[in-house]
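Please read the structure below before turning to the comments.
Not measured: the values here are computed from a predicted model. The figures that follow rest on heavy atoms only: side chains count, while hydrogens, waters and symmetry mates do not.
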Amino acid sequence: RGNGSPRVPAGTKKQALRLILKMTALSRLPIAAILILPICAQVTTSQYDNARTGANLNETTLTPQNVNAARFGKLFTLQADGDIYAQPLYLPGVEIPGKGKHNVVFIATEHDSVFAFDADGQPSTPLWQASFLTGDSVRPVPASAAQCPFIRPEIGITPTPVIDRATGTLFVLARTKESQGVLQGSRYVQRLHALAVTTGAEKLGGPVEIKASVKGRGAGGSGGQIDFDPLRELPRASLLLANGQVYLTWASSCDVALYHGWVIAYDAHTLAQTAVLNTSPDAEESGIWQGDTGPAADKDGNVFLATGNGKFDVDSGGRDYGDSVLKLSIEKGSLMVRDFFTPFNQKELNSDDLDIGSGGPLLLPDQPGPHPHLLMVGGKGASLYVIDRDRMGKYHAGDDSHAVQVLRIGSGIYSAPAYWNQHVYIFAADDVLKDFAVEHGQLSSLPVARGNTTFIDPGATPTVSANGSLNGIVWVLRSKGWRSPDTNAELYAYDAANVAHELYNSEQNSSRDRAGLCLRFNIPTVANGKVYIGTKREVDVYGLLPPIHQ
């Protein structure tokens, strides 16, 4: 177990061991030859785990043999009250008071609601709904106030929440506009909520309002202090739960000034604020958005994230980390930058709006060779950087020799790669899905396989479903381009053993399988034989069709 994988209750371990021993005795086979029943899948965080591998390794129903238009398609739709950018989360066997035990899918909307639905569609009405709105006095932030058309018409819950399974707590970051009366006008607020997964009730004395201040001479400061701005700071990157801390990050709405990159940690048991970092305290910008993917964490609790455009002056004694990959940890109440990687051409990336922070990090499992702990991340400059997490290289003028490897992919990377079975899958803008083999601690210089469908900006963040090392499927969602008109989302499935083999797409039988209107940066969730995709005001659910429909 590591990097956010599910904890197996002690009783379950003992029962499984007894069963294995009994089966071994009966079959007279060695323990290694016994097929062990898989742990039930659960999706408690974006991209399945804190390493952000994008892989669910407990999928026993969906296989490359049965995912096709004849046997697989849209089963039902879950209606919501707002647009859904957050990746759906999933818990099996949740006891809902008065309603029995259910597999539950959790959905967060831009209308400031969280829904808990039966993940199998029975019933189709919510098991519970939590709304953070109060009449006309508390509403989502209108897009006009943020001066940004990317998320419209309202902005409520954008980043993927995170679940602490051990305590049954769902952590959610929500934004609101709140009226204070005719004389005082309105104020903009962001709050961290801690909800019970069984009822949606607030826990831990929450919610807590997001407030922070750091010393600095940067934009928007006063008296040597920079204050968190709840209107200008847009949270897009997923929440992270690591070592008992909930990490939140912020960037901008359409680069509307003034904003900074913020990282704030809260105690997952008390909601007390524990540490704050501003990535541009003496400048501006350097936001953390990562194409809506999540910051990553290793088994020691180190946090890895990428910043966007902004000034970089750490090489000359400054404190500003524009266009950099940071390794963070908490020490004595402070978030410390333990190490970092900054491309040699950071100034050009910044001036040309080619921020490295458009992509999210992936932490690979331990590798052989001189660089056992690797991180991969890409940016708008179309470079995928392979970085040694133990010696990240800092800044090296003239070239990127301080990276383990740099590959050029597509016209820009607005997503995170996925990892499965010694392969890395990445879908850049204006490109096709590509599969790179991991060999001796490096990626193959060329893809070992390519998909056959080109996606425009922003490409896609792949998700992999597999039964351990078997039956791998790569799922991607075609989403809305930067200036594209409204159109329907499209779900694609590829054989992970050879992504040149497209297994399925939702337009093959459009009258049956067409998805709702697409948004941007959405990531599919695969759990227990079903695929959940967030769209405009609904989640569409796909799976194996009943025999009558096959």
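- The shortest non-hydrogen separation linking Ala108 to Pro161 is CB-CG, 4.1 Å.
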After noting the C-alpha distance and the side-chain angles of Glu59 and Ile473, does the key distance pass the side-chain contact (heavy atoms from CB on, under 4.5 Å) rule? CA-CA 10 Å; Glu59 179 52 53; Ile473 300 174; over 6 Å; no
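- Separation of atoms OG (Ser479) and CG (Leu519) is listed at 8.5 Å; rounding is to 0.5 Å.
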Go through the steps to decide whether Arg191 and Glu202 satisfy the test salt bridge (Lys or Arg N to Asp or Glu O under 4.0 Å), and finish with yes or no. CA-CA 12 Å; Arg191 292 187 176 90; Glu202 296 276 3; over 6 Å; no
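- Checking side-chain atoms of Arg175 against main-chain N and O of Pro230 turns up a donor-acceptor pair under 3.5 Å.
- Partner of Pro462 under the side-chain contact (heavy atoms from CB on, under 4.5 Å) criterion, chosen from Val424, Ile426, Leu433: Leu433.
- Between the side chain of Asp120 and the backbone N or O of Gln122 there is no donor-acceptor pair closer than 3.5 Å.
- Asn528 and Tyr90 share a side-chain donor-acceptor pair at under 3.5 Å.
- A side-chain donor-acceptor contact under 3.5 Å links Asn50 to the backbone of Leu241.
- Distance check: Lys480 NZ to Asp486 CG gives 4.5 Å after rounding to the nearest 0.5 Å.
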Check against side-chain contact (heavy atoms from CB on, under 4.5 Å), Asp229 and Trp250: CA-CA 10 Å; Asp229 185 337; Trp250 287 266; over 6 Å; no
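- Without hydrogens or angle criteria, Thr454 side chain to Asp430 main chain gives no donor-acceptor distance under 3.5 Å.
- Here the closest non-hydrogen pair linking Gly472 and Pro64 is O-CG, 3.8 Å.
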Ring pair (Phe, Tyr, Trp, His ring centres under 6.0 Å) evaluation trace for Tyr492 with Phe455: CA-CA 11 Å; Tyr492 285 77; Phe455 284 13; 5.5 Å; yes
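- A salt bridge between Asp112 and Lys177 is absent, with no side-chain N of the basic residue lying under 4.0 Å from a carboxylate O of the acidic one.
- Without hydrogens or angle criteria, Thr63 side chain to Gln65 main chain gives a donor-acceptor distance under 3.5 Å.
- Residue Ile151 holds its CD1 atom at 9.0 Å from CG of Asp83, rounded to the nearest 0.5 Å.
- Here the shortest heavy-atom pairing between Pro123 and His102 reads CD-CE1, 4.0 Å.
- Contact of the Phe171 side chain with the His193 side chain is not registered, since no non-hydrogen atoms from C-beta on lie closer than 4.5 Å.
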Stepwise ring pair (Phe, Tyr, Trp, His ring centres under 6.0 Å) test for Trp475 and Tyr542: CA-CA 12 Å; Trp475 305 85; Tyr542 294 77; 8.6 Å; no
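- Here the OH-OG distance, from Tyr425 to Ser415, works out to 15.5 Å after rounding to the nearest 0.5 Å.
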Evaluate the side chain to side chain donor-acceptor pair (under 3.5 Å) criterion for residues Glu178 and Thr176: first the C-alpha distance (whole Å), next the side-chain angles of each, then the deciding distance (0.1 Å), finally the verdict. CA-CA 6 Å; Glu178 304 185 359; Thr176 52; 2.8 Å; yes
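- Checking each of Tyr414, Trp482, Trp289 against Phe521 for a ring-ring contact (aromatic ring centres under 6.0 Å, His included) leaves exactly one that passes, namely Trp289.
- Two residues are said to be in side-chain contact when any heavy atoms from C-beta on lie closer than 4.5 Å; Met376 and Val325 fail this criterion.
- Applying the side-chain contact (heavy atoms from CB on, under 4.5 Å) test between Lys530 and each of Val541, Thr61, Leu544, Leu62 identifies Val541 as the sole match.
- Judged purely by atom type and a 3.5 angstrom limit, Tyr532 uses its side chain to pair as donor or acceptor with the backbone of Ala119.
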Step by step, would you call Asn488 with Glu490 a side-chain contact (heavy atoms from CB on, under 4.5 Å)? CA-CA 6 Å; Asn488 296 90; Glu490 296 177 22; 5.6 Å; no
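- Pro417 is listed as a side-chain neighbour of Leu384, based on a closest heavy-atom distance under 4.5 Å.
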Assess the residue pair Glu110 and Thr158 against the criterion (side chain to side chain donor-acceptor pair (under 3.5 Å)); give the C-alpha distance rounded to whole Å, side-chain angles, the decisive distance to 0.1 Å, and a yes or no. CA-CA 6 Å; Glu110 296 292 349; Thr158 304; 2.7 Å; yes
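- Screening Ile155, Ile157, Ile264, Leu173 for a side-chain contact (heavy atoms from CB on, under 4.5 Å) involving Pro235 leaves a single residue, Leu173.
- In this structure, the separation between CD1 on Ile456 and CG on Asp431 is 13.0 Å, given to the nearest 0.5 Å.
- Judged by distance alone, the side chain of Thr307 and the main-chain N or O of Asp323 form a donor-acceptor pair under 3.5 Å.
- A side-chain hydrogen bond (donor to acceptor under 3.5 Å, both in side chains) with Tyr48 holds for exactly one of Thr53, Asn56, Thr463, Asn58; it is Thr463.
- No side-chain heavy atom of Asp435 sits less than 4.5 Å from a side-chain heavy atom of Trp420.
- In this structure, Phe132 and Val114 have side chains that are in contact, with non-hydrogen atoms separated by less than 4.5 Å.
- With contacts defined as side-chain heavy-atom distances shorter than 4.5 Å, the pair Ile210/Tyr266 qualifies.
- Inter-residue side-chain proximity for Val539 and Ile84 is flagged as met; some heavy-atom pair is nearer than 4.5 Å.
- Between Phe72 and Asn66 the shortest heavy-atom distance is CB-O, 3.9 Å.
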Do Gln290 and Arg52 pass the side-chain contact (heavy atoms from CB on, under 4.5 Å) test, and can you show the C-alpha distance, the side-chain angles, and the key distance before you say yes or no? CA-CA 12 Å; Gln290 301 186 163; Arg52 308 307 187 192; over 6 Å; no
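- In this structure, a donor-acceptor pair under 3.5 Å is present between the side chains of Tyr504 and Asp513.
- Proximity of Ser469 to Asn421: side-chain heavy atoms (C-beta onward) are separated by under 4.5 Å at one or more points.
- Expressed to the nearest 0.5 Å, how far CG of Leu477 lies from CD1 of Ile533 amounts to 5.0 Å.
- Side-chain N or O atoms of Glu502 include none that pairs as donor or acceptor with a backbone N or O of Asn452 at under 3.5 Å.
- For Ser46 and Thr160, the side-chain atoms include no donor-acceptor pair closer than 3.5 Å.
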